[in-house]
Each structure stands twice: as C-alpha cells, then as structure tokens.
Amino acid sequence: MTVRTRFAPSPTGFMHVGNLRTALYAYLLAKSNNGVFVLRIEDTDQARYVEGATQVIFNTLKTAGLIHDEGPDKDGGCGPYIQSQRKPLYRKYAELLVEKGAAYYSFETGTAAATAAANGETQEEDDGLEPEFDLERAKAKIAAGIPHVIRQRIDKSGSSTFTDSVFGEITIENKVLDDQILLKSDGMPTYNFANVIDDHLMNITHVVRGAEYLPSTPKYNLLYRAFGWDIPVYVHLPLIMGRNSDGSVAKLSKRHGSVSFENLISEGYLPAAIINYIALLGWSPKNDREIFSLEELVANFSVSGLNKAPAVFDYAKLAWMNGEYVKALPFDDFVRLAEPFACLEGTPLAEKWELIAKLLHQRTEVLSEIPGKIHFLLELPEYENELFFNKKCKSTPELAATMLPEILELIRNVAPWNAETLNGVISAYAAERNMKLNLATWAPRIAVAGQSVTPGGAFELMEILGRDESLRRIGVAIEKLKRG
RNA sequence: GUCCCUAUCGUCUAGAGGCCUAGGACACCGGGUUUUCAUCCCGGCAACCGGGGUUCGAAUCCCCGUGGGGAUGCCA
C-alpha cells in the first residue's frame, strides 16, 4: 500500500518553524517510503484567514524543497484540496453521523448566558447551545432558521486505547472526552471533524501532526469507527519550545525570536540549514552525523528516530549550522546571496563588493551579521589609542607612533595598490628591523580599521579602502597618537 | 481543577539490562596555526531528577513522587 501523508496548515500569514518541521517529517515519511505527500489548506476559520497566506505556504514549501505531489495546484484526484471549497461535503457527513446516532444538533438559545450575566451569575458551563435530540423537532428548528451546530455524541462509559508510532499505547477514559462541535453554525467544519473526513477521503495512511493532538485522538477514532472507516497510523511529534527570558520554556513563539521561515530567511539563514537544523529537533539518525541535505534526510529518515520529549529551539546551534552551509557555498553563490545584506549599494565600496565578500565568506554564520562586520570600512569608528596595545605581538601606542609615519612614507607611492604589493613592502620593513610581521601589521591594521577585530588583515583592508582613504586613516592615527 | 504526555551535560541528542570510567554536536574555557579576527587543529568543563522495587547486574524494566510540557475553543 502506498504511504500517503499530508501537511495541512492554516493560512494564517506566516509559516512557524514548528509547522515547517511537521511538514518536513510528513514529507520525509512519505518520501522515505516512495509515498505521496499531499498539501491541504485548512481555511475553515474565516476569522483567522489572512489574504495571501496560501501563497506564503506555497512559497515556503517550494523554497524549503518540500515539494508536494498533490495539492490545490496539483490535482491527484482527491480534490479540492482547500477545505472551504469542500464545505458541502462536511455537512453531508455530519448529517450522516446524526442519522447513525453518533452526533446531534444543538441550537443557539442566545438567552441563557445573557440572563445569567444579568443576574450577576457566572455560568461557565453554558455555551448558549441547547441540544435537540429529537430529529423531527431539530429539522423544524433548522427550517425556522435557528442557528445551530452539530456535535459529536460520545458514550462516556469505558475507555479508549490507541497506538501512536512515537508514543506507543495510550488509554484515555471516555468520560473526559467532550461532545465536541463538528460543524459550526456557519456551516464550516471544525478541525476536529474536517481532518477525519479529509484524511479518509484523501486516503491518508499516516497522520503526522503535533503532540498537542494526542489527547483528542480518541475522539477522532470514535468518528472513524462511526463511519466504519479505517483508522490511519498516527505519528505525533514532540513540540518545539522556546526559552523565555526568565529561563522557563513554552511553546516556541514570536517573543523568543524569529520563528517564521520567512523571518529566518530575511535574517540570512539558508533554507537548507533551517531544514537541516529543525530535522534534528526531535529526530536523530542515531549516529553522530549532523549535516544532511534534504535528499540525505529522506535516505536516513525513520520514525524510530523520533523523540518524545519537547525540544528547545537553540538559535546558537542554528547559527553554527548556518555557518557550515554558508562556508560550503560556492563563492559565486555567496557573492550573490550576501550582497543584499551588505547594503553597499550607492556607497564608494559597492564596486569592491567581491573583494569584501572574499574576506566575509569563511567568517560569516548568519548573513545579517555582515553590515556590522564591515561598517568600519564605510566610516572610520571613534577609537582609543589603547587599541594599539597588543600583548601577544608586543605592540604599544608608542611603537605605533614611531612606526606609522615610516610605514606611511613607504607605502605612499607603491604601485599597484593591492594586498600583495603592500605585503611585500611591509614585510621588507619588518625584516629590516628584525620585527615579526604580526607586530609590523598591528598598528597599520588598527589605524585603517579603527577597531581591534576585523574581517581580514591589514593588507586586504588597505586594498579595499584604496590608497587615498588608507593614507588618510593612517594620518588620522598619527595625529591621535601625537595627542596621546 | 481534571486528563494526557514526558524526564541523560546549559541546549540538541547517542544509549533498547552487562560494551558506560555514559559517546557526539552547539555553547563556554584553555592551547596551537594564522599579518588581526575567524576558519582549522588539539585539549578542558559539563548529565543519567528523587525514592522504592525487579535482577547476579539498571541510564536502560516496573511503581510512586517531583519537575517540565500539552489538552480541556463554534482555533488549528
């Protein structure tokens, strides 16, 4: 039997990494079994619907490489794949359930809650709905236009047991299951109903979803049984957590940082790195390997590697992994991808971008770090003469004050002005004075950079800055050192 | 409140009764290489939540606590 999995997001405007990871595992489970990956849009909550959000879902899956085999744009014979377009279907099945005695109508009263409030009473149990078990009377009320819902009728005796591929056998007392609403008063199904209908109709064999659905799974199974349908294989996934500022953890959300795929991308994380990282959040290949392409994930994926406990999202490790991907990028790709982040357009450095990129390529983890790394090239920072101190190479401001004027004269007219020539001249200068090269380059580097940490050494920086600006900055340093 | 799930370094995890003196990675801290920084290399710090069982033997199995998470919506 062909394995069929689905990813069923709501179009709410952005793709949370938790959702993306669910999509990834559903994709991996399907593909590692030569199965079919279905995309279904769950837009039954018109209040939460966001214009254009479906496009965000398409774009995200495409960018991430999670290509679906069936979906709104790829009919595989189980369409439509957008729930709002399936609306009549749900009522049909809900009414079938009523006939079978597994569901019943409930009508809005609109008064009980209001009355209670007026009397200053709290009536938490009252949801403003009155059940009508008599079918004839129910039909009359419907004909009279009274708003109503259809809810599941659950026998509260006994218990329900089911097996999950990750969590194993789970038993829940039926008395804690409530008569959940299946069809809303606007005629749309709830998730609790639609997922059962659609997963069955779309021949989904393996339901991959977050562990938050574990406690309500018995209700879905009751529905499957009422219809006489096969229950799919369940694969519930541990949740992804974020760390709060007070050290506690909670479901990963915006306050923990960027949690949407689009946000992460705009911060300079690479799609393949994000996928690789989240794959390892809750799943392990059971060996020490950590870097996997999507294809390699497909080849290595197994449900047995899924974890049960929630995992904390760690931006530091994501950054490290992203750095691995950035460094592995062909240089031309890095130049192209990093350019928008550098923000050099319209500056004198724009034409030096490739030269700068050469320095940045192996020193960047997240592309958004770039402006901060190179800002000193655009504008000489304010700095203290203390920077000319360096213990390791024994540099001091006094030494810099004598060296800098000498070096300035040596390089003033060298040609061509590039790292190689400058290296030659300054190396010779160091050799003459029996000085180590790292001492000879310390002062010039500080002078042209104005900061202690720089991407690249003195020669590269001077080449990028050009002759005029380099000489000017060294001049500034000499004056600063004179003032002390 | 009730119900469900869960528990190995700070974080992600390996470990399916003896291979564990508990392995890897990130982070952190040293050292080396390097014209700085980074890369790279080498080293270090750091964990089986607690208590009872079962067993010749338990991180691994069972029970009870405790901690953590989730569910309890006309959200999904």
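Throughout, protein chains are lettered first and strands after them, A, B, ... in sequence-line order, and every chain is numbered starting at 1.
Separating the CG atom of A/L461 from the P atom of B/A38 is a distance of 15 Å, rounded to the nearest angstrom. Look at CD on A/Q83: it is 13 Å from P on B/C75, rounded to the nearest Å. In this entry the distance linking CZ of A/R209 with C1' of B/C75 reads 15 Å, nearest Å. As a whole-Å value, the separation of A/I170 CD1 from B/A71 P is 15 Å. Atom CZ in A/R363 sits roughly 15 Å away from atom P in B/U34 (whole-Å rounding). The distance between atom CZ of A/F376 and atom C1' of B/U36, rounded to the nearest whole Å, is 10 Å. If you take CG of A/N322 and C1' of B/C26, they are 14 Å apart, rounded to a whole angstrom. Rounded to an integer number of Å, the gap from A/N438 CG to B/U33 C1' is 12 Å.
Ionic pairing of A/D199 and A/R40 is present here: one or more N-O contacts between side-chain nitrogen and carboxylate oxygen are shorter than 4.0 angstrom. Taking 4.0 Å as the cut-off between side-chain N and carboxylate O, A/E290 and A/K317 count as a salt-bridged pair. At a threshold of 4.0 Å, the pair A/K308-A/D164 does not count as salt-bridged, since none of the basic side-chain nitrogens sits closer than that to a carboxylate oxygen. Electrostatic pairing of A/E296 and A/R289 counts as a salt bridge here, judged by a charged N lying under 4.0 Å from a carboxylate O. No salt bridge links A/R86 with A/E42; every basic N to acidic carboxylate O contact stays at or beyond 4.0 Å.
Nucleotides B/C20 and B/G15 have their C1' atoms positioned 9 Å apart, rounded to a whole Å. The P atoms of B/C28 and B/U39 are separated by 10 Å, rounded to the nearest whole Å. B/G31 and B/C45 are spaced 16 Å apart, taking the P atom of each and rounding to whole Å. Comparing B/C12 with B/A58, their P atoms sit 28 Å apart, to the nearest whole Å. Separation of the C1' atoms belonging to B/A22 and B/U8 is 8 Å when rounded to the nearest angstrom. Between the P atoms of B/C61 and B/A14, the separation comes to 13 Å (whole Å). Of the P atoms belonging to B/G24 and B/C41, the separation is 15 Å, rounded to the nearest Å. Between B/A59 and B/C9, the two C1' atoms lie 13 Å apart (nearest whole Å).
Across every strand in view, B/C19 sits unpaired, with no contact that passes the Watson-Crick or G-U test at under 3.5 angstrom. Shown here, B/C48 forms no base pair; nothing in the strands shown gives a Watson-Crick or G-U wobble contact with both key distances under 3.5 Å. Nucleotide B/U55 forms no Watson-Crick or G-U wobble pair with any nucleotide shown, as no partner meets the under 3.5 Å limit on both distances. Partner assigned to B/G1 is B/U72, using Watson-Crick or G-U wobble distances below 3.5 angstrom.
For B/U34, its base sits under 3.5 Å from the side chain of A/K392 at one donor and acceptor pair at least. No donor-acceptor contact under 3.5 Å links the side chain of A/Y213 to the base of B/A71. Judged by distance alone, with hydrogens and angles left aside, A/Q46 brings no side-chain donor or acceptor close enough to the base of B/C75 to form a pair under 3.5 Å. For A/S185 against B/C74, a side-chain N or O and a base N or O form a donor-acceptor pair under 3.5 Å. Side-chain atoms of A/T441 stay outside donor-acceptor range of the base of B/U36, with no qualifying N/O pair under 3.5 Å.
Considering only the side chain of A/V176, B/C3 comes nearest among B/C3, B/C12, B/C5. Ranking B/C26, B/A76, B/U34 by closeness to the A/K317 side chain, first place goes to B/C26. Listed candidates were B/U36, B/C74, B/A25. Nearest to the side chain of A/I181 is B/C74. Distance from the side chain of A/K251 is smallest to B/G70 among B/A76, B/G70, B/A38. With B/A76, B/A14, B/C12 as the choices, the nucleotide that has an atom nearest any side-chain atom of A/L281 turns out to be B/C12. Of all nucleotides listed (B/G68, B/C74, B/G15), B/C74 comes nearest to the side chain of A/L129. With B/G70, B/C5, B/U72 as the choices, the nucleotide that has an atom nearest any side-chain atom of A/D178 turns out to be B/U72. Nearest to the side-chain atoms of A/Y191 among the listed nucleotides B/U13, B/G69, B/A76 stands B/A76. Distances were taken from every side-chain heavy atom of A/E212 (C-beta onward) to each of B/A71, B/U35, B/C75; the shortest belongs to B/A71. For A/T44, whose side chain is taken as the heavy atoms from C-beta onward, the closest listed nucleotide among B/A38, B/C5, B/A76 is B/A76.
When heavy atoms are screened at a 4.0 angstrom cut-off, A/E460 is found touching base atoms of the nucleic acid. As judged by a 4.0 angstrom heavy-atom cut-off over every strand, A/V149 is placed among the base-contacting residues. Among the heavy atoms of the strands, none lies under 4.0 Å from A/Y277. Using a 4.0 Å heavy-atom distance criterion, A/K327 is classed as a sugar-phosphate-only contact. Counting any heavy atom pair closer than 4.0 Å across all strands shown, A/R243 reaches sugar-phosphate atoms only and no base atom. Among the heavy atoms of the strands lying under 4.0 Å from A/M241 are primed sugar atoms or P, OP1, OP2 only; no base atom is included. If you check every strand for non-hydrogen atoms under 4.0 Å, A/S284 touches sugar and phosphate atoms only. Nucleic acid contact for A/G282: sugar-phosphate only, since backbone atoms but no base atoms lie under 4.0 Å from a heavy atom of the residue. At a threshold of 4.0 angstrom between heavy atoms, the contacts of A/F459 include nucleobase atoms, whether or not backbone atoms are also involved. Using a 4.0 Å heavy-atom cutoff across all strands shown, A/A311 reaches sugar-phosphate atoms only and no base atom.
Taking only side-chain nitrogens and oxygens, A/K308 never comes nearer than 4.0 Å to OP1 or OP2 of B/G68. When the side-chain nitrogen and oxygen atoms of A/N307 are compared with OP1 and OP2 of B/U13, one or more of them lie within a distance under 4.0 Å. For B/C75, one of the phosphate oxygens OP1 or OP2 lies less than 4.0 angstrom from a side-chain nitrogen or oxygen of A/K184.
In this structure, A/K480 satisfies the cation-pi test against A/Y383, with its NZ or CZ atom closer than 6.0 Å to the six-membered ring centre and inside 45 degrees of the ring normal.
The residue among A/E290 and A/R445 whose nearest nucleotide of RNA chain B is located toward the 5' end is A/E290. Nearest-nucleotide mapping onto RNA chain B: of A/P238 and A/W442, the residue sitting toward the 5' end is A/P238.
Between the side chain of A/Q85 and the backbone N or O of A/I82, no donor-acceptor pair lies under 3.5 Å.
Two residues are said to be in side-chain contact when any heavy atoms from C-beta on lie closer than 4.5 Å; A/N322 and A/E365 fail this criterion. Taking 4.5 Å as the limit, some side-chain heavy atom of A/F58 sits within range of a side-chain heavy atom of A/L39. Annotation: side chain of A/L237 is not in contact with side chain of A/R209 (no heavy-atom distance under 4.5 Å).
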